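Below you'll find the structure, written out as C-alpha cells, and then a few comments.
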There are 2 protein chains.
Amino acid sequence: MRTVDPAKHQARKRHIVDAATVLFATKGFERTTTAEICKAAGMSAGNLFHYFPNKRAVFLAVFEDDRDDKAERLVQAQSAEDPWQALLEVVDLLAAPAAEPLAPPLVMEAMVQAYRDPELEAVLSRSNAEEHATVAALIRKAAATGQVDPGLDPDGAASWVLAMVASLYTSAAGDPAFKPAEQLPTLRLILQRFLRAGPKESS
Amino acid sequence: MRTVDPAKHQARKRHIVDAATVLFATKGFERTTTAEICKAAGMSAGNLFHYFPNKRAVFLAVFEDDRDDKAERLVQAQSAEDPWQALLEVVDLLAAPAAEPLAPPLVMEAMVQAYRDPELEAVLSRSNAEEHATVAALIRKAAATGQVDPGLDPDGAASWVLAMVASLYTSAAGDPAFKPAEQLPTLRLILQRFLRAGPKESS
DNA sequence: GTCTATATTTCGATAGAC
DNA sequence: GTCTATCGAAATATAGAC
C-alpha cells in the first residue's frame, strides 16, 4: 500500500528548492544555513531532511531542476522550422535568465562548488553537454541549408557560442551595472558575422 | 639611516608571492594555510608577516604584481605600428597565460574571492579597466584606418573581445581537457569576422 | 592546540490520511 | 493499524577564537 502521492512529494521538494535558491544566490552555499532554508520554506529541520539527505542535495536539486526545465524548452526551440531561426531562439533561451537578478550569482556559485563536488560537476557538465549538442546540431543543419558557413567545425563553433552566452552570466555576476539584456543585440551581431560569413576572407 | 634596500625588500616579497601563487592556484585561497606558504617560500611565519600583514595581502599581491606586469606589456603591444596588428598582439598577450596550468584556476579563485573582498575587487576591476581602455583605443584607431567596422561602438566591442578572452580561462578552469592554445585560431577568426565586417549585412 | 560557538544532521514522538 | 508528514530537541561535526 502506498500512501505517498508522488506529485505532492515532488511539489514539496520544489517548494524547498525555490526557497533555498534565493538564499544560495544572495548568500552563497556555505553561508546559507539549513535553519535559514527551513525558515524560508516554512518548515522544521526534521521535515526538510525528510525530503533531502543533506544541504548539498538541496543545492544540487536547484541545478537538476533547472536542467530538466531547460532540456524541455530546448526541445521546443530546436523543433522550429528554420534552423537559423531555431539557433537564434536557442541562444535567446539560454541567455534570457542572465537578466534575472538571481541567475548570475547562482551560476558563479555553482562553478565554485562544482570544483569540490563531483556530483554537482556531473550535473553541470551534463547540462552543458545537452546545450552543446543542441547548438551543434542546429549549426550543422544551418550549414546544410547554406545559412551557416560550412567551413566551420560545428562542435568548435557551438562551444564558442555557449562561451559567449556564459560570459553574460559571469559579467553580470561581477558587475552589478552590467545589463545582459542590452548586450543581446551585439551578441546576435557577433553570431551572425561569425557563423554566416561566407568562405572568402579578406586578411 | 636606512637599513632596508628597497629593491631587496621587493624581491623578497616577490619570492613569497611566487611561492604562494602555486599554492593558491592548486588549493584555492582558504585551503592554503600560511604555514604552507612559509614552507614553500622557505621562511618562518615571523618573517613572512614582516613582509605581509596577513594571508589576504599575499593573495592580493599576486594580482597586483600581475597587473603591473601586464600593464607594462600592454604599453609595448599598444605602440605597434598597425592598429589591427596591435589589436591582435594585445589579444594574444591577454590570452597567452590561459595556456599555463596555474593561470585559469587562479583567475577563477580571484573572481570568487573578489565577491567578498572589495580591495581585491578594486584591483581586478582596475586591471580590467586598463585592458578595456587599451582594446577600445585600438579598435577606435583601427576603425579610423578602415580596418575595423566604424559602425561598431568601440567600448561595447572591446567588452566583448575581453569577454571572449576571459572565456578561455573559465573554460580551461572547468575542463582539464580544454586546450586554450588550440582555440586561438578560432578566436582570431571570430574577432576578424566580428570587427572587420563591412557596413552591409545580409539578414 | 584546546575550547567555544555555530551549523548540520539524526532521532523519537505526534497527528492525520487512507 | 500502517504509513507519511511534520516537529523540535538532542547529538555530531565543523569552524573560529584564543
Side-chain angles (χ1 to χ4, degrees), chain A residues 1-65 68 102 105-106 108-124, chain B residues 20 23-60 105 108-121:
Chain A
M1 176 217 303
R2 103 170 282 111
T3 57
V4 51
D5 176 354
K8 200 152 217 166
H9 191 82
Q10 210 51 36
R12 209 85 186 95
K13 287 183 82 166
R14 189 65 171 255
H15 170 71
I16 295 168
V17 168
D18 287 346
T21 298
V22 181
L23 294 166
F24 288 144
T26 53
K27 316 190 32 157
F29 175 73
E30 283 101 344
R31 296 154 92 97
T32 298
T33 69
T34 56
E36 287 172 318
I37 299 173
C38 292
K39 199 173 129 200
M43 63 177 57
S44 70
N47 200 16
L48 183 126
F49 285 96
H50 174 67
Y51 291 96
F52 294 96
N54 50 48
K55 190 171 84 165
R56 195 156 278 281
V58 180
F59 191 69
L60 196 69
V62 172
F63 301 97
E64 280 174 333
D65 284 5
D68 293 347
L102 296 182
L106 210 51
M108 287 302 274
E109 194 65 19
M111 285 171 58
V112 175
Q113 296 300 326
Y115 248 78
R116 302 173 182 170
D117 181 354
E119 218 174 334
L120 176 59
E121 154 74 32
V123 170
L124 294 183
Chain B
L23 295 166
F24 289 143
T26 52
K27 318 189 34 159
F29 175 73
E30 283 101 344
R31 294 151 93 98
T32 298
T33 68
T34 55
E36 287 171 317
I37 299 174
C38 293
K39 200 172 127 197
M43 63 176 56
S44 69
N47 201 13
L48 183 125
F49 285 101
H50 172 65
Y51 291 96
F52 293 97
N54 51 49
K55 190 171 82 167
R56 192 156 278 280
V58 181
F59 190 68
L60 197 67
M108 287 301 276
E109 195 65 20
M111 283 171 57
V112 175
Q113 296 299 328
Y115 247 77
R116 296 166 188 178
D117 181 352
E119 219 174 333
L120 176 58
E121 154 73 30

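Quick note: numbers below take in every heavy atom, side chains included, and nothing from hydrogens, waters or symmetry partners. Please read all numbers here as calculations on a predicted model, not as lab measurements.
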- request: Heavy atoms under 4.0 Å is the rule here; annotate nucleotides 7-18 of chain D 5' to 3' with B where the base is hit, S where only the sugar-phosphate is, and - elsewhere.
  value: BB----------
- line: Heavy atoms of B:Thr32 and B:Leu23 approach each other most closely as OG1-O, 3.3 Å
statement: Here the residues of residues 26-38 of chain A within 4.0 Å heavy-atom distance, strictly under, of DNA chain C are A:Thr32, A:Thr33, A:Thr34
message: Expected output is a numbered-order residue list: members of residues 49-64 of chain A with a heavy atom under 4.0 Å from any atom of DNA chain C. What is it?
response: A:Phe49, A:Pro53, A:Asn54, A:Lys55
Residues in salt bridge (Lys or Arg N to Asp or Glu O under 4.0 Å) with [X], at least two apart?
{"X": "A:Arg56", "result": "A:Asp117"}
{"X": "A:Asp65", "result": "A:Arg14"}
{"X": "A:Glu119", "result": "none"}

message: I'd like to check the ring-ring contact (aromatic ring centres under 6.0 Å, His included) partners of A:Tyr51; sequence neighbours left out, ordered by chain and number.
response: A:His9
- prompt: For A:Phe63, which residues count as a ring-ring contact (aromatic ring centres under 6.0 Å, His included) partner, sequence neighbours excluded?
  reply: A:Phe59
Under a 4.5 Å cut-off applied to non-hydrogen side-chain atoms, are [X] and [Y] in contact?
{"X": "A:Arg12", "Y": "A:Met43", "value": "yes"}
{"X": "A:Tyr115", "Y": "B:Pro105", "value": "yes"}
{"X": "A:Phe52", "Y": "A:Leu60", "value": "no"}

- prompt: Which residue pairs satisfy the side-chain hydrogen bond (donor to acceptor under 3.5 Å, both in side chains) criterion with at least one member in residues 34-46 of chain B, sequence neighbours excluded?
  reply: B:Lys27-B:Glu36, B:Thr33-B:Glu36
query: Atom CD1 in A:Ile16, atom CG in A:Leu48: separation rounded to 0.5 Å?
result: 5.0 Å
message: Just verifying a value: how many Å separate B:Leu120 CG and B:Met111 CE, rounded to the nearest 0.5 Å?
response: 11.5 Å
query: Any sub-3.5 Å donor-acceptor pair from B:Glu109's side-chain atoms to B:Phe29's backbone N or O?
result: yes
- request: Quick one: which residue pairs count as a salt bridge (charged side-chain N to carboxylate O under 4.0 Å, His left out) with a foot in residues 42-55 of chain B, not counting sequence neighbours?
  value: none
- request: Give a yes-or-no answer on whether the side chains of A:Gln113 and A:Glu121 include a donor-acceptor pair shorter than 3.5 Å.
  value: no
- line: Residues of residues 114-123 of chain A with a heavy atom under 4.0 Å from any atom of DNA chain D, listed by number, are none
- prompt: What parts of residues 12-25 of chain A reach DNA chain D, counting only heavy atoms under 4.0 Å away?
  reply: A:Arg12
